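Notes follow once the structure below has been shown.
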Amino acid sequence: MKTFEHEPVMTGEVFEILDLKPGGIYLDCTLGGGGHALKAAGILGQGGTIVGLDVDQDAIEAAQQRLSGIECETFIEKSSYVKLDEVLAKLGIGKVDGALFDLGVSSFQLDETGRGFTYREDAPLDMRMDRSAAVTAASLVNEADERRLTRLIGNFGEERWAARIARFIADFRTKSRIETTGQLIGIIETAIPKGAREKGQHPARRTFQALRIAVNTELENIEKALPKAIEALRPGGRLAVLSYHSLEDRIVKNIFRSAENPCTCPPDIPVCVCGLKPTATVLTRKPVLPSEAEIERNQRARSAKLRAVEKISNQE
Ligand code: SAH
């Protein structure tokens, strides 16, 4: 197996904000190659506990190897973070001290041949993080109707040529199925006029992002999982999220905001009647960004944004 080359993003900032203590419990919702988890292990030490989740079997194996020598008690589970509550219950773990979501795709997944995540390689159109899932990029591109493709590429890729790309996809597949990233790139390149392309960006970048988000139901997953993660924190426990594009970041920001201020009463009502109480305090008014030095060293850090909340104590 290829080595899992993925430099963890903003580790200094992440672990400063999580403020883990020796002996604590850390929940890594996106274990990947275990880069962040390894760093956490160094802080937690013997007596500490790490729970790591990932949907990608290759990531699980890489993390198992990477974390094999650590002193903490380690539980690695192939599970979606959407089910983090079920996993914790199964393991008999009550509340955790710190949790991390490092969203998006790992460098390993991008580099691993044959997974179809990247427009830099000709591969089958797959893009599943969990290879036991039913929907692939190929099934979407070949089976979704043109209107749905337009919406999907427009919404998840923020691609202004979405309608034209969807039309060209629909035309192409009347002749033959679209099976590879190379075929799709060819279609996108014919759909977006040369003069209208974004400078320095691959013309397929937005469509690939859109398909990846759709195949892995990424935004829906974040929406379901973040409230569960806040719920899983002990009072004073912290949740940090690294996001990599504006769609993710907006969801994270809104969920954190409504954890801090969940009241749904109209503003002209003098006292709150909805009864919804804050569950967490936002620690990052503005997202924390990586240093210039890290961006230079680590490609994946380029678009990273870090946000965090702290769970409110029950007495408040
Ligand atoms: N922090 C890691 C890298 C994480 S990359 C490190 O330092 O090595 C993001 C990971 O999230 C990928 O491995 C991907 O498979 C995983 N992932 C994506 N969606 C997921 C989900 N719904 N549940 C669990 N893991 C998920």
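Just so you know, these numbers come straight off a predicted model, no measurement behind them. Counting convention: from 1, in listed order, for ligands and their atoms alike.
For the pair Ser79 and ligand 1, a heavy-atom separation below 4.0 Å is found. Residue Glu7 places no heavy atom under 4.0 Å from ligand 1. Ligand 1 lies less than 4.0 angstrom from a heavy atom belonging to Asn221. At least one heavy atom of Asp54 sits closer than 4.0 Å to an atom of ligand 1. At least one heavy atom of Cys29 sits closer than 4.0 Å to an atom of ligand 1. Proximity of Leu38 to ligand 1 is not established, as no heavy-atom distance is less than 4.0 Å.
At a 4.0 Å heavy-atom cut-off, ligand 1 touches Met129 through the side chain alone.
Ligand-side atoms of ligand 1 in range of Ser106: 5 (S), range being under 4.0 angstrom from any heavy atom. Heavy-atom proximity to Arg300, at under 4.0 Å, picks out these atoms of ligand 1: 5 (S). Ligand-side atoms of ligand 1 in range of Gly34: 8 (O), range being under 4.0 angstrom from any heavy atom. For ligand 1, the atoms sitting less than 4.0 Å from at least one non-hydrogen atom of Asp56 are 15 (O), numbered in the order shown with element in parentheses. Ligand-side atoms of ligand 1 in range of Leu31: 2 (C), 6 (C), 8 (O), range being under 4.0 angstrom from any heavy atom. For ligand 1, the atoms lying closer than 4.0 Å to a non-hydrogen atom of Gly33 are 8 (O). Ligand-side atoms of ligand 1 in range of Gly35: 6 (C), 7 (O), 8 (O), range being under 4.0 angstrom from any heavy atom. Near Gly104, the atoms of ligand 1 lying under 4.0 angstrom from a non-hydrogen atom of the residue are 9 (C).
No option in Asp126, Asp130, Asp56 other than Asp56 meets the salt bridge (charged side-chain N to carboxylate O under 4.0 Å, His left out) test with Arg115. A side-chain hydrogen bond (donor to acceptor under 3.5 Å, both in side chains) with Tyr244 holds for exactly one of Lys305, Gln209, Arg302, Arg300; it is Arg300.
Side-chain heavy atoms closer than 4.5 Å link hydrophobic residues (I, L, V, M, F, W, Y) into clusters, and following such links, even through other members, never connects Leu53 to Leu31. Linking Ile, Leu, Val, Met, Phe, Trp and Tyr whenever their side-chain heavy atoms come within less than 4.5 Å leaves Tyr81 and Ile60 in two separate clusters.
Arg131 is linked by a side-chain hydrogen bond (donor to acceptor under 3.5 Å, both in side chains) to Asp58, counting only residues two or more places apart in sequence or in another chain. In terms of the ring pair (Phe, Tyr, Trp, His ring centres under 6.0 Å) criterion, His245 has no residue partners (sequence neighbours excluded).
The side-chain heavy atoms of Phe15 and Ile43, taken from C-beta on, include a pair separated by under 4.5 Å. Using a 4.5 Å heavy-atom threshold, the side chains of Phe208 and His202 count as separate.
At a 3.5 angstrom cut-off on N or O pairs, Asp28 does not count as close to ligand 1. Considering backbone and side-chain N/O atoms, His36 comes within less than 3.5 Å of an N/O atom of ligand 1. Considering backbone and side-chain atoms alike, Gln109 places an N or O below 3.5 Å from some N or O of ligand 1.
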Residues Glu61, Gln57; criterion side-chain hydrogen bond (donor to acceptor under 3.5 Å, both in side chains); working and verdict
CA-CA 6 Å; Glu61 282 165 28; Gln57 185 59 32; 3.0 Å; yes
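Among all heavy-atom pairs drawn from Thr284 and Leu306, the shortest one is CG2-O, 4.0 Å.
No donor-acceptor pair closer than 3.5 Å links the side chain of Arg128 to the backbone N or O of Thr136.
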